[in-house]
Every structure is written in structure tokens, then in C-alpha cells.
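Please read the structure below before turning to the comments.
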Protein chains: 2
Amino acid sequence: MTRQRAAVLEVIRSAKCHYTAEEIFERAKEILPNISRATVYNNLHALERERLIRRITGEEASDRYDSSFIPHGHLFCTECHGISDFEVPDFREALSRAAGGEIDSYELKVRYVCPGCRMARQSNP
Amino acid sequence: MTRQRAAVLEVIRSAKCHYTAEEIFERAKEILPNISRATVYNNLHALERERLIRRITGEEASDRYDSSFIPHGHLFCTECHGISDFEVPDFREALSRAAGGEIDSYELKVRYVCPGCRMARQSNP
DNA sequence: GAATAAATTTAGAATGATTCTAAAAAATTT
DNA sequence: AAATTTTTTAGAATCATTCTAAATTTATTC
């Protein structure tokens with residue numbers, strides 16, 4: 001656990017939303033001003049392998065990262081492209097049975113129109 | 001529905017696996033040799049909007065496409081990077097309730113080690 | 001059915017996220 | 001402390017996707 005890896009992890013842990021690699025890089029620079037983008041990517045991969053963070057592959061070009069391991073799904077708004085979390089039951093057991101062997105992780109992605117955009121739509125349809 | 005859009009849709013519908021945009025482009029050229037890559041991308045987006053195909057955002061950099069609308073999840077092997085389908089119950093109703101409004105589509109992604117890779121692992125661990 | 005307008009296609013340039021590379025720095029082992 | 005391994009760094013390279021502007025096709029109007 002180098003200082004750089006700790007900084008990347010700290011940024012993700014203290015985030016109130018899901019950051020992209022670029023956003024993590026910007027914030028890690030506030031802790032270690034000389035940190036390089038490549039190091040952020042290296043450590044995101046390492047931390048994912050060590051299961052300290054999870055990668056969210058969304059609708060956008062860039063992935064986002066999450067440090068929560070409480071089972072939850074992700075809601076992707078198709079209008080404002082916002083992402084929010086939502087509770088889901090723990091499927092792990094059922095999925096392992098369906099997959100015919102132990103699973104690694106799972107992600108439930110839902111595309112929808114978020115309450116904010118839905119309201120805005122009603123005002124000017 | 002132009003000839004180009006029909007060709008793209010035909011390639012996806014007759015596929016036995018999930019192709020990337022590049023793979024679709026290669027196969028569409030067998031039908032319309034002058035088709036351009038940009039046209040394939042245009043039509044993939046249009047077909048997705050029209051709900052004739054679904055986009056699968058996986059572990060790789062490039063998205064893949066599916067023409068099946070039978071509810072199913074995708075299993076991503078973390079070793080060989082293969083993708084396979086698996087049956088899941090239709091969550092739509094439950095998800096709409098959880099999301100607090102109608103949902104657009106959903107995708108259940110599972111990362112695991114596929115049976116082939118698991119066996120190969122046991123032989124030389 | 002020709003004239004006009006709108007939409008689509010094309011080839012290639014541009015963009016942008018991520019990966020690669022090779023040298024320097026840091027950490028670890030002997 | 002010398003030697004080895006791992007990590008970091010800056011910047012170049014890659015690769016999927018989007019953008020652009022001109023050409024073509026399709027639809028609409030007279």
C-alpha cells in the first residue's frame with residue numbers, strides 16, 4: 001500500500017457520488033500534487049483486484065468507482081445521465097446457482113428517467 | 001429503414017453471439033461493401049432508440065449488441081473474457097416499484113470464471 | 001415528374017478514455 | 001549498503017467512438 005494507492009482509495013471512500021478516473025485523478029492531486037494519471041489507473045486496477053473498490057461500467061465512455069460492498073443496483077437516468085444507487089436484495093446465492101459455480105461479483109443496471117427529469121418533462125413536454 | 005439500417009439489424013439478428021460495432025461493421029460489409037463505419041454507429045444508436053436491439057456494456061472497451069428481448073442476464077468470464085447469456089426471472093415490475101417510476105430497461109451483469117476456465121485452472125493451478 | 005427540402009451516408013479527421021513504454025524513484029531483500 | 005523488485009512518472013500510442021462537411025438518397029411540394 002503505497003502513498004499513491006492510499007490517496008486513490010481515500011478519494012473513493014470519502015466520495016458522496018461515483019467518480020470517474022479523471023475525477024479521482026483531480027482529487028488525488030490535492031493530496032499528492034505530483035501523482036500521475038497512469039498511477040491512478042494502475043491503482044484503480046489493483047484496488048479492484050484486491051476487492052477494495054468496485055468498478056461501475058455505465059452508459060458513459062468512462063467507468064466510475066464505488067467503495068461500497070453493500071449489495072445495491074445503479075439507476076442510470078437516460079436524460080441527465082445522473083447515477084444513483086438503489087437497494088436490491090442480495091442475489092449472490094441465487095446467481096451462483098444459476099451460473100453453475102461461484103460468482104465473483106454482480107451489477108444490476110437500470111436505465112430510466114429520474115424523478116427530476118420526469119417532472120421537468122411534464123412542465124415542458 | 002434504409003438498406004444500411006436493415007443490413008446492420010440483419011447482422012445482429014442472425015448472430016449466434018454478441019458482436020461489437022467493429023464486428024458488425026465487418027459483417028455488414030459482406031452485404032453492402034460500401035457501408036461506412038460511421039453509418040454502422042449511427043444505425044446502432046437508432047436501432048437502440050427504436051428498441052430493436054439492446055446494448056450490452058461489458059468489461060471490454062467496446063460495447064456489444066443483442067437482438068433478444070427475452071429477459072436474461074450476462075455472464076462475463078474474468079479469465080477468457082467470454083460472454084454468455086443466462087436466464088433470469090423478469091424483474092421489470094419489482095424494479096419499477098424500487099425505482100419509483102417506470103423503468104426503461106435493465107441489465108444484470110455477473111463476473112465469474114466460466115466452466116472452461118475453471119477446469120483449465122484445476123489442471124494447472 | 002421536376003424542384004426543393006430533409007434525412008442519411010460517406011471518408012476521414014478529431015476526441016477522449018485508457019494503456020503502454022522506458023527511465024527514474026522508492027521499497028524490499030540479501 | 002548493494003542488488004533486486006516494484007512502483008511511479010510523463011508522455012506517446014492505441015483504439016472505440018463521435019464529429020464534420022460534402023455527397024447521396026429519400027421524402028415533400030408544386
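Numbers restart at 1 for each chain; the letters A, B, ... are given by sequence-line order, proteins then strands. A quick note: this is a predicted structure, and the numbers were derived from the prediction, not measured. Heavy-atom basis, side chains included; hydrogens, waters and symmetry copies ignored.
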- On DNA chain D, nearest-nucleotide positions of A:Asn43 versus B:Arg37: which is more 5'?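 Nearest-nucleotide comparison on DNA chain D picks A:Asn43.
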Can you tell which of [options] lies closest to the side chain of [X]?
{"X": "A:Tyr41", "options": "C:dT9, C:dT10, C:dT19", "answer": "C:dT19"}
{"X": "B:His45", "options": "D:dA10, D:dA16, D:dT18", "answer": "D:dT18"}
{"X": "A:Ala38", "options": "D:dG11, D:dT7, D:dT17", "answer": "D:dG11"}
{"X": "B:Thr2", "options": "D:dT8, C:dT8, C:dT10", "answer": "C:dT8"}
{"X": "B:Gln4", "options": "D:dT18, D:dA10, C:dT9", "answer": "C:dT9"}
{"X": "A:Asn34", "options": "C:dA17, D:dT9, D:dT8", "answer": "D:dT9"}

- ring-ring contact (aromatic ring centres under 6.0 Å, His included) between A:Phe91 and B:Phe91: does it pass, once the steps are laid out? CA-CA 12 Å; A:Phe91 291 143; B:Phe91 292 142; 5.3 Å; yes
Please report, rounded to the nearest Å, how far the [atom2] atom of [N] is from the [atom1] atom of [X].
{"X": "A:Glu60", "N": "C:dT18", "atom1": "CD", "atom2": "P", "result": "10 Å"}
{"X": "A:Leu32", "N": "D:dA10", "atom1": "CG", "atom2": "P", "result": "12 Å"}
{"X": "B:Arg3", "N": "C:dT10", "atom1": "CZ", "atom2": "C1'", "result": "13 Å"}
{"X": "B:Asp63", "N": "D:dT18", "atom1": "CG", "atom2": "P", "result": "8 Å"}
{"X": "A:Phe25", "N": "D:dT9", "atom1": "CZ", "atom2": "P", "result": "9 Å"}
{"X": "A:Arg55", "N": "C:dT18", "atom1": "CZ", "atom2": "P", "result": "9 Å"}
{"X": "A:Glu59", "N": "D:dA16", "atom1": "CD", "atom2": "P", "result": "19 Å"}
{"X": "A:Asn42", "N": "D:dT9", "atom1": "CG", "atom2": "P", "result": "10 Å"}

- Query: Which part of the nucleic acid does B:Ser62 contact within heavy-atom distance under 4.0 Å: base, sugar-phosphate only, or nothing?
  - Reply: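 Sugar-phosphate: the residue B:Ser62, judged by heavy atoms under 4.0 Å, touches backbone atoms but no base.
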- Query: Of the non-hydrogen atoms in A:Val8 and A:Ile24, which two are nearest, and what is the gap between them?
  - Reply: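 In this case the closest contact between A:Val8 and A:Ile24 is CG1-CG2, 4.1 Å.
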- Phosphate OP1/OP2 of D:dT8 contacted by A:Ser36 side-chain N/O (<4.0 Å):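 No, outside the criterion.
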- Query: Under a single-linkage definition using a 4.5 Å side-chain heavy-atom cutoff for Ile, Leu, Val, Met, Phe, Trp and Tyr, are A:Tyr65 and A:Phe69 assigned to the same hydrophobic cluster?
  - Reply: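 Each belongs to a different hydrophobic cluster.
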- Stacked cation flag B:Arg27 on B:Tyr19, 6.0 angstrom / 45 deg: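 Relative to the ring axis of B:Tyr19, which defines the angle, B:Arg27 lies inside both limits.
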- Can the positive tip of A:Lys109 be found less than 6.0 Å from the middle of the six-membered ring of A:Phe76, inside 45° of the ring normal?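 Ring-cation test returns yes.
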